[in-house]
Visitor: 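Take this structure, written in structure tokens, and hold onto it; I'll ask about it next.
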Number of protein chains: 2
Amino acid sequence: MSEDGIRLSPTSYVVLGLIHLRGPSTPYELESAVRKSVEYFWTFPHSQLYREPDRLTASGHLTVDQEPGGRRRKVFALTPRGRSALDTWLTRPVEDVFEMRDEAVLQLFFSDQLTATALVDLARHEIALYQRRLDEYERIAARELPRHGQDRRMAPLRLGIKLAEAFREFWEEIAADPPPPTPVPDPVDGPPGRLC
Amino acid sequence: MSEDGIRLSPTSYVVLGLIHLRGPSTPYELESAVRKSVEYFWTFPHSQLYREPDRLTASGHLTVDQEPGGRRRKVFALTPRGRSALDTWLTRPVEDVFEMRDEAVLQLFFSDQLTATALVDLARHEIALYQRRLDEYERIAARELPRHGQDRRMAPLRLGIKLAEAFREFWEEIAADPPPPTPVPDPVDGPPGRLC
DNA sequence: CGAGACATGTAAGGGGTTACATGATTTA
DNA sequence: TAAATCATGTAACCCCTTACATGTCTCG
């Protein structure tokens with residue numbers, strides 16, 4: 001897709017974007033920037049922040065400058081090509097919408113042989129998780145509000161809160177009124193059910 | 001984690017779960033079952049539905065029976081071990097909550113140099129995507145309602161609708177009232193902003 | 001100056017996506 | 001019976017995760 005070689009994944013753009021915001025950075029600095037920024041909606045382990053800049057350097061999107069002694073840190077900087085890749089991406093409409101890909105939801109889908117109480121247990125567990133998640137979000141929001149107010153950097157956080165609330169409400173409904181399992185299909189009459 | 005060898009991913013449980021629901025199945029049948037069931041919240045390409053059963057067979061969770069002639073289809077069936085893995089998974093609390101991992105949200109986060117109108121374009125695009133998604137969900141819901149009513153197999157769909165609505169509303173707010181870019185930090189006073 | 005924390009990487013393996021490739025059935 | 005479609009798989013690559021491994025600073 002890109003003229004030469006590598007494919008740029010969202011991870012690539014996180015790296016390019018953060019270096020653009022911060023200026024030349026070491027992987028370690030990127031890691032801490034991630035922790036302070038996108039981590040709440042896009043996590044990754046630190047090893048990626050060492051590997052991905054190398055890839056982007058090989059493809060000409062970054063340059064690297066390594067300290068000769070001491071910690072031999074690698075400082076990565078944007079090249080014009082990297083900058084332009086970032087700009088292009090920013091205005092390219094994304095075709096994929098979200099996917100739930102939520103393991104607990106998968107369990108629910110396949111939960112036919114679970115008793116109602118077991119299901120309620122799962123739901124309560126999820127409620128607790130989302131409540132905790134919401135608490136984290138609120139803490140971040142409170143911390144960032146004075147600096148970021150309602151600017152663009154805050155918007156994803158508002159979305160995160162919206163979504164976590166939706167999940168929590170969903171599981172609360174399940175816990176309050178656990179839906180019955182799907183009746184076992186009678187092989188005699190009618191075609192097999194659609195949602196199986 | 002499992003006693004011998006392989007790690008079971010959510011994909012593995014989709015395969016185990018569907019075979020449990022349908023009985024012995026070929027990958028092709030699994031594919032069509034996926035299309036009719038979990039696909040709307042957990043997609044995968046058909047190649048996985050050929051590879052994953054092989055893995056699960058190697059680990060003793062499935063057995064395979066291949067037709068000698070014709071299409072030489074492989075029919076996979078649950079073993080007791082596969083069945084028990086499924087049961088265990090069903091009651092194991094999931095520790096991971098959802099992650100947005102939404103590329104458009106990432107764009108928004110890094111959209112500082114975008115004009116308000118360009119941002120509105122992105123938002124409108126997203127609104128259209130989610131509207132389409134919602135239409136699909138409503139179509140599925142209408143189709144399945146008579147058979148599945150309010151049972152467990154329908155619950156994920158309700159969640160999907162809730163979430164897609166949350167996304168759509170979010171982008172509608174962005175489009176109606178595009179937030180300002182984050183002010184460029186003044187390097188003179190104060191530490192660098194948290195959300196960068 | 002020793003211990004712990006901070007900082008910086010590498011290696012291996014796996015799961016998933018993309019792409020390729022071909023056999024079998026149906027239909028015109 | 002040829003074309004189109006349905007059906008069935010394989011191969012390669014790549015990103016990501018997990019795990020390992022080590023060096024450097026800082027503070028008591």
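So you know, we letter chains A, B, ... as the sequences are listed, proteins then strands, and number each from 1. We use all heavy atoms of the structure for the numbers below, so side chains are in, but hydrogens, waters and symmetry mates are not. Keep in mind that this is a model prediction, so the values were computed, not measured.
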Visitor: CZ of B:Phe76 versus C1' of D:dT8: gap in Å, rounded?
Guide: 11 Å
Visitor: Quick one: A:Trp42 CH2 to D:dC15 P, roughly how many Å, whole number?
Guide: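 Those two atoms, CH2 and P, are 14 Å apart.
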Visitor: Taking the ring of A:Phe98 and the ring of B:Phe167, is the distance between their centroids below 6.0 Å?
Guide: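 Yes.
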Visitor: Think A:Arg101 forms a cation-pi with B:Phe41, using NZ or CZ under 6.0 Å from the six-ring centre and within 45 degrees of its axis?
Guide: no
Visitor: Is the side chain of A:Thr43 donor-acceptor paired with the backbone N or O of A:Glu39 at a distance under 3.5 Å, no angle test?
Guide: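 Not confirmed, A:Thr43 side chain does not pair with A:Glu39 backbone.
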Visitor: Can you tell me how far P of C:dG16 sits from OH of B:Tyr13, to the nearest Å?
Guide: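 Atom-to-atom, B:Tyr13 to C:dG16, this comes out as 13 Å.
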Visitor: Taking CG from B:Leu49 and C1' from D:dT10, how many angstroms apart are they, rounded to a whole number?
Guide: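 It works out to 15 Å between those atoms.
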Visitor: Can you measure B:Lys74 atom NZ to D:dT8 atom P for me and round it to whole angstrom units?
Guide: 12 Å
Visitor: Provide, to the nearest angstrom, the distance between the CD atom belonging to A:Glu29 and the C1' atom belonging to C:dC6.
Guide: 14 Å
Visitor: To the nearest Å, how far apart are B:Arg73 CZ and C:dT22 P?
Guide: 21 Å
Visitor: Report the residues that fulfil side chain to side chain donor-acceptor pair (under 3.5 Å) with B:Glu169, sequence neighbours left out, ordered by chain and then residue number.
Guide: A:Lys162
Visitor: Given atom CG of A:Asp54 and atom P of D:dC14, what is their separation to the nearest angstrom?
Guide: 16 Å
Visitor: Do the charged groups of B:Asp87 and B:Arg83 touch, with an N to O distance under 4.0 Å?
Guide: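 Judged by the 4.0 Å cut-off on N to carboxylate O distance, B:Asp87 and B:Arg83 do form a salt bridge.
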Visitor: Tell me if the centroids of the rings in B:Tyr40 and B:Tyr137 come within less than 6.0 Å of each other.
Guide: yes
Visitor: Is a side-chain donor or acceptor of B:Gln150 paired with a backbone partner of A:Pro179 at a separation under 3.5 angstrom?
Guide: no
Visitor: Side chain of B:Tyr50, heavy atoms from C-beta onward: which of D:dT10, D:dC16, C:dG9 has the nearest atom to it?
Guide: D:dT10
Visitor: Between B:Arg55 and B:Glu52, does any NZ, NE, NH1 or NH2 come within less than 4.0 Å of an OD or OE carboxylate oxygen?
Guide: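 Looking at B:Glu52 and B:Arg55, the cut-off is met.
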Visitor: Under 3.5 Å, is there a donor-acceptor pair between the side chain of A:Thr26 and the main chain of A:Lys74?
Guide: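 Answer holds: no.
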Visitor: Any chance you could list the contact pattern along nucleotides 17-22 of chain D? Use B for base contacts, S for sugar-phosphate-only contacts and - for none, protein heavy atoms under 4.0 Å, 5' to 3'.
Guide: BB----
Visitor: Return the residues of residues 93-100 of chain B meeting this criterion: a heavy atom under 4.0 Å from some atom of DNA chain C. Order them by number, or give none.
Guide: none
Visitor: Toward the 5' end of DNA chain D, which comes first, B:Thr26 or A:Thr11, by nearest nucleotide?
Guide: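 Comparing both residues, the 5'-ward one is B:Thr26.
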